[in-house]
Amino acid sequence: MLKNGRPYSIENGYEDAGLITEKPAEVQEIVYTWIRENLMPRKTVLHGRTSYGIKHLLEDDTKIYLTNNEFKDAMLQCGYEPVDPNMLNWLYCLSAKSPAFQRKR
């Protein structure tokens, strides 16, 4: 869900309210750069790729661990709006041809 324009999650009684802006500036810049260079927007929803899964791709590439909420906040900061902010794991309008999805893992 969104709370004051920022992501906020509760799952099984666990609150995840962490924001990317609470991370050091160097970490924020690496994350924002990764999003800009590895994800491409499109007009329709990309099913099967959620915030939770994409954050793991970022972690594999950068070795930076983010909570799902921190990653969702980073996506918002980069202009990616969730399809349904009430979902725990957000879907986005992303191209399946995005570089992040093309690498063999």
Side-chain angles (χ1 to χ4, degrees):
M1 77 175 79
L2 289 171
K3 197 179 221 185
N4 298 321
R6 305 300 284 272
Y8 176 82
S9 305
I10 298 178
E11 180 182 24
N12 299 327
Y14 173 74
E15 176 185 69
D16 183 1
L19 302 173
I20 190 68
T21 51
E22 296 168 350
K23 296 285 190 185
E26 314 82 67
V27 170
Q28 291 179 51
E29 190 52 41
I30 291 168
V31 170
Y32 297 149
T33 298
W34 186 92
I35 290 170
R36 284 191 301 270
E37 292 178 354
N38 289 281
L39 299 176
M40 299 179 336
R42 74 174 185 184
K43 293 181 182 180
T44 58
V45 178
L46 177 61
H47 294 280
R49 298 286 187 167
T50 67
S51 56
Y52 186 78
I54 301 168
K55 86 174 191 83
H56 284 289
L57 299 176
L58 175 137
E59 184 177 3
D60 289 347
D61 288 350
T62 65
K63 308 304 181 228
I64 294 172
Y65 173 80
L66 298 177
T67 67
N68 193 28
N69 213 70
E70 290 168 338
F71 181 75
K72 292 189 291 190
D73 191 44
M75 291 289 283
L76 282 173
Q77 298 303 312
C78 289
Y80 289 95
E81 295 286 330
V83 174
D84 180 354
N86 294 315
M87 293 176 65
L88 177 62
N89 299 313
W90 288 356
L91 292 171
Y92 301 95
C93 293
L94 295 171
S95 172
K97 296 179 181 179
S98 295
F101 309 138
Q102 300 307 308
R103 291 190 279 285
K104 293 186 180 182
R105 303 211 179 256

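Along the sequence shown, the residues carry numbers beginning at 1.
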Interatomic spacing from [atom1] in [X] to [atom2] in [Y] - rounded to 0.5 Å:
X	Y	atom1	atom2	answer
Leu66	Lys72	CG	NZ	12.5 Å
Asp16	Glu70	CG	CD	6.5 Å
Leu39	Tyr92	CG	OH	9.5 Å
Phe101	Ile54	CZ	CD1	4.0 Å
Met87	Met1	CE	CE	14.0 Å
Asp73	Thr67	CG	OG1	9.0 Å

If you look at every heavy atom in [X] and [Y], which pair is closest and at what distance?
X	Y	answer
Leu76	Pro7	CD1-CD, 3.6 Å
Leu91	Gly48	CD2-N, 4.3 Å
Leu58	Phe71	CD1-CE1, 4.3 Å
Ala96	Gln102	O-NE2, 2.7 Å
Arg36	Glu29	NH2-OE2, 3.0 Å
Tyr8	Ala17	CD1-CB, 3.6 Å

* Is the closest side-chain heavy-atom distance between Asn68 and Asn89 below 4.5 Å? -> yes
* To do: Compare all side-chain heavy atoms of Ile35 with those of Tyr80 and state whether any distance is below 4.5 angstrom.
  => yes
* side chain to side chain contact (heavy atoms under 4.5 Å, CB included) between Arg6 and Gln77, worked out -> CA-CA 9 Å; Arg6 305 300 284 272; Gln77 298 303 312; 3.6 Å; yes
* **Between Ser98 and Arg49, a side-chain donor and acceptor under 3.5 Å** => no
* To do: Could you go through the side chain to side chain contact (heavy atoms under 4.5 Å, CB included) check for Leu19 and Asn69 one step at a time?
  => CA-CA 7 Å; Leu19 302 173; Asn69 213 70; 4.3 Å; yes
* **side chain to side chain contact (heavy atoms under 4.5 Å, CB included) between Tyr52 and Leu88, worked out** => CA-CA 9 Å; Tyr52 186 78; Leu88 177 62; over 6 Å; no
* Asked: Do Leu57 and Met40 belong to the same hydrophobic cluster, where Ile, Leu, Val, Met, Phe, Trp and Tyr are linked whenever their side-chain heavy atoms lie under 4.5 Å apart, directly or via other members?
  -> no
* **Check: Pro85 main-chain N/O paired with Trp90 side-chain donor or acceptor under 3.5 Å** => yes
